[in-house]
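The first residue of the sequence shown is numbered 1, and numbering continues consecutively from there.
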Amino acid sequence: MKFSRTSPSTGPGAAEVTGFYDDDSGSIQYLVADPATSKAAVIDVVLGFSPQSAATDTQNVDTILRHADAAGYQIEWILDTHPHADHLMASHELKRRLNKPNAIGSKITEIAELWRDYYHMPDAFDPASDFDHLFDDGDTFTIGDLPVRVMLSPGHTLGSISYVVGSDAAFVHDSFMQPDVGTARADFPGGTAAELYQSLQEILALPDATRLFVGHDYGTDYRPQPTWESSVAEQRRHNAHIGSGVSLDRFVDLREARDKTLSLPDRMLHVLQLNLRAGRLPDAEEDGHAYLKIPLNRF
């Protein structure tokens, strides 16, 4: 199942947002446009990856670029919110095709240091060479005439960032899920439930009408169709984990208990060593093929 849904601009200074669902990973990829200038950005686009065959594909990239072309949008930025553990990022492929800058949060350098040890690759990963911009908390830039503010939102990873775009849109990655699901896990290396709680509170401090766009949804027994848009007000009142003023201690207990029941994403050990390179595949070896390195018995 691959489908898209558009959240129209709510008025001057507000973005039009189209989300594209990737069924294989339950990820939502975003095309964010300024209707006044037809300038746009993409956020968290997925490069197809099969853990069974270790084969990649560009179906999502092709679909999103066709949509942008048909709408007359010019993509100015290639953005990611964090080095994803569940899917292969398309940042490098998009940069190769579009010749536009790619970006992620600056704390990816600390995440890379953690994973050099897990992969026993002491000289691997130089994010500053694979990303054109490493954003710090509070950095600003524009998509057309729309201002964008970067918020450091750690917890899921130590370097996750959110993008607050225009008057009323925020892309909050793997922090919030939809209100009926709750929040994202916080047990990956460098993540903590306490930091996630603080990040969620900062997002909830945005204006009530802010549209929140999440990184994942899988549907539920009562809501089979995936969705990805909510509002600050809806999350504050109804979020299954943090709504109605849940305390830090209660949230940490709930989140940590839940995380202990979760298995690792099936792509995690494959894709992290690529996502720390913006999704750039390793150089081919003498036989013309590229190879991954997978740690055994580390998790």
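Considering only heavy atoms from C-beta on, V214 stays 4.5 Å or farther from M177 through its side chain. In this structure, the side chains of L31 and F20 come closer than 4.5 Å at one or more pairs of heavy atoms. Here the side chains of L196 and S175 are in contact, with some heavy-atom distance below 4.5 Å. Side chains of F213 and S7 form a contact here, defined as non-hydrogen atoms less than 4.5 Å apart. Counting only heavy atoms from C-beta outward, the side chains of I104 and P83 approach each other to under 4.5 Å. Contact annotation: the side chain of H120 never approaches that of R298 to less than 4.5 Å [non-hydrogen atoms, C-beta and beyond]. A heavy-atom distance below 4.5 Å is not found between the side chains of D180 and H238. In this structure, the side chains of T142 and D34 stay at 4.5 Å or more apart for every pair of heavy atoms.
The environment of Q74 atom CD is sparse: at most 12 non-hydrogen atoms of other residues, nucleotides or ligands sit within 6.0 angstrom. Other residues, nucleotides and ligands place no more than 12 heavy atoms under 6.0 Å from the CG atom of N99. For CZ of R223, the number of neighbouring non-hydrogen atoms (other residues, nucleotides, ligands) closer than 6.0 Å is greater than 12.
No donor-acceptor distance shorter than 3.5 angstrom exists from the side chain of R66 to the backbone of A70, with no hydrogens or angles considered. Remark: side-chain polar atoms of Y197 are paired, donor with acceptor, to backbone N or O of V246 under 3.5 angstrom. Remark: the backbone N or O of L269 is paired with a side-chain donor or acceptor of Y119 at under 3.5 angstrom. For the pair D44 (side chain) and T81 (backbone), a donor-acceptor distance under 3.5 Å is present. Using a distance-only test at 3.5 Å, with no hydrogens or angles considered, no donor-acceptor pair links the side chain of E110 to the main chain of G159. Side chain of Q29 to backbone of V46: a donor-acceptor contact under 3.5 angstrom is found. Side chain of H216 to backbone of G26: a donor-acceptor contact under 3.5 angstrom is found. For the pair S160 (side chain) and H82 (backbone), a donor-acceptor distance under 3.5 Å is absent. The closest donor-acceptor contact from the side chain of S9 to the backbone of A14 lies under 3.5 Å. No donor-acceptor distance shorter than 3.5 angstrom exists from the side chain of T58 to the backbone of V61, with no hydrogens or angles considered.
Looking at F176, Y163, Y30 one by one, the single match for ring-ring contact (aromatic ring centres under 6.0 Å, His included) with F171 turns out to be Y30. Under the side chain to side chain donor-acceptor pair (under 3.5 Å) test applied with Q178, the options T220, T227, N239, D217 reduce to a single match, T227. Among the candidates H241, Q235, R258, the single residue satisfying the side chain to side chain donor-acceptor pair (under 3.5 Å) test with T183 is H241.
Looking at every heavy atom in both residues, S25 comes nearest to Y218 through O-CE2, 3.6 Å. Summarising the geometry of A194 relative to L248, their closest heavy-atom pair is CA-CD1, 4.0 Å, with the distance given to 0.1 Å.
One hydrophobic cluster, built from ILVMFWY side chains closer than 4.5 Å, cannot hold both F188 and V252; they sit in different ones. Linking ILVMFWY side-chain heavy atoms closer than 4.5 Å, directly or via other members, places L98 and M89 in two distinct hydrophobic clusters. No path of Ile, Leu, Val, Met, Phe, Trp and Tyr side chains, each step under 4.5 Å between heavy atoms, connects Y21 with I64, placing them in separate hydrophobic clusters. Hydrophobic clustering (side-chain heavy atoms under 4.5 Å, transitive across Ile, Leu, Val, Met, Phe, Trp, Tyr) groups M151 together with L212.
Separation of atoms CZ (R255) and CG (D253) is listed at 12.5 Å; rounding is to 0.5 Å. The line from CZ of F49 to CG of D86 is 12.5 Å long, rounded to the nearest 0.5 Å. A distance of 9.5 Å separates CD in E256 from CZ in F251, rounded to the nearest 0.5 Å. Distance check, rounded to the nearest 0.5 Å: CG of L272 to CZ of R267 gives 13.0 Å. Note that the CG atom of L276 and the CG atom of L114 stand 9.5 Å from one another [nearest 0.5 Å].
Here the two rings, on H156 and H173, have centers that are 6.0 Å apart or farther. For F141 and W77, the ring centers are positioned less than 6.0 Å apart.
Using a cut-off of 4.0 Å between Lys/Arg side-chain N and Asp/Glu carboxylate O, D130 and K95 are scored as not salt-bridged. Using a 4.0 Å cut-off between a side-chain N of Lys or Arg and a carboxylate O of Asp or Glu, R185 and D259 do not qualify as a salt bridge. Salt bridge status for E93 with R97: present, with a side-chain N to carboxylate O gap under 4.0 Å.
Residues T37 and D145 bring no donor and acceptor atom of their side chains to less than 3.5 Å of each other. In this structure, a donor-acceptor pair under 3.5 Å is absent between the side chains of H87 and D22.
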Under the salt bridge (charged side-chain N to carboxylate O under 4.0 Å, His left out) criterion, do K107 and D137 qualify, and how do the steps go? CA-CA 10 Å; K107 286 186 176 289; D137 184 39; over 6 Å; no

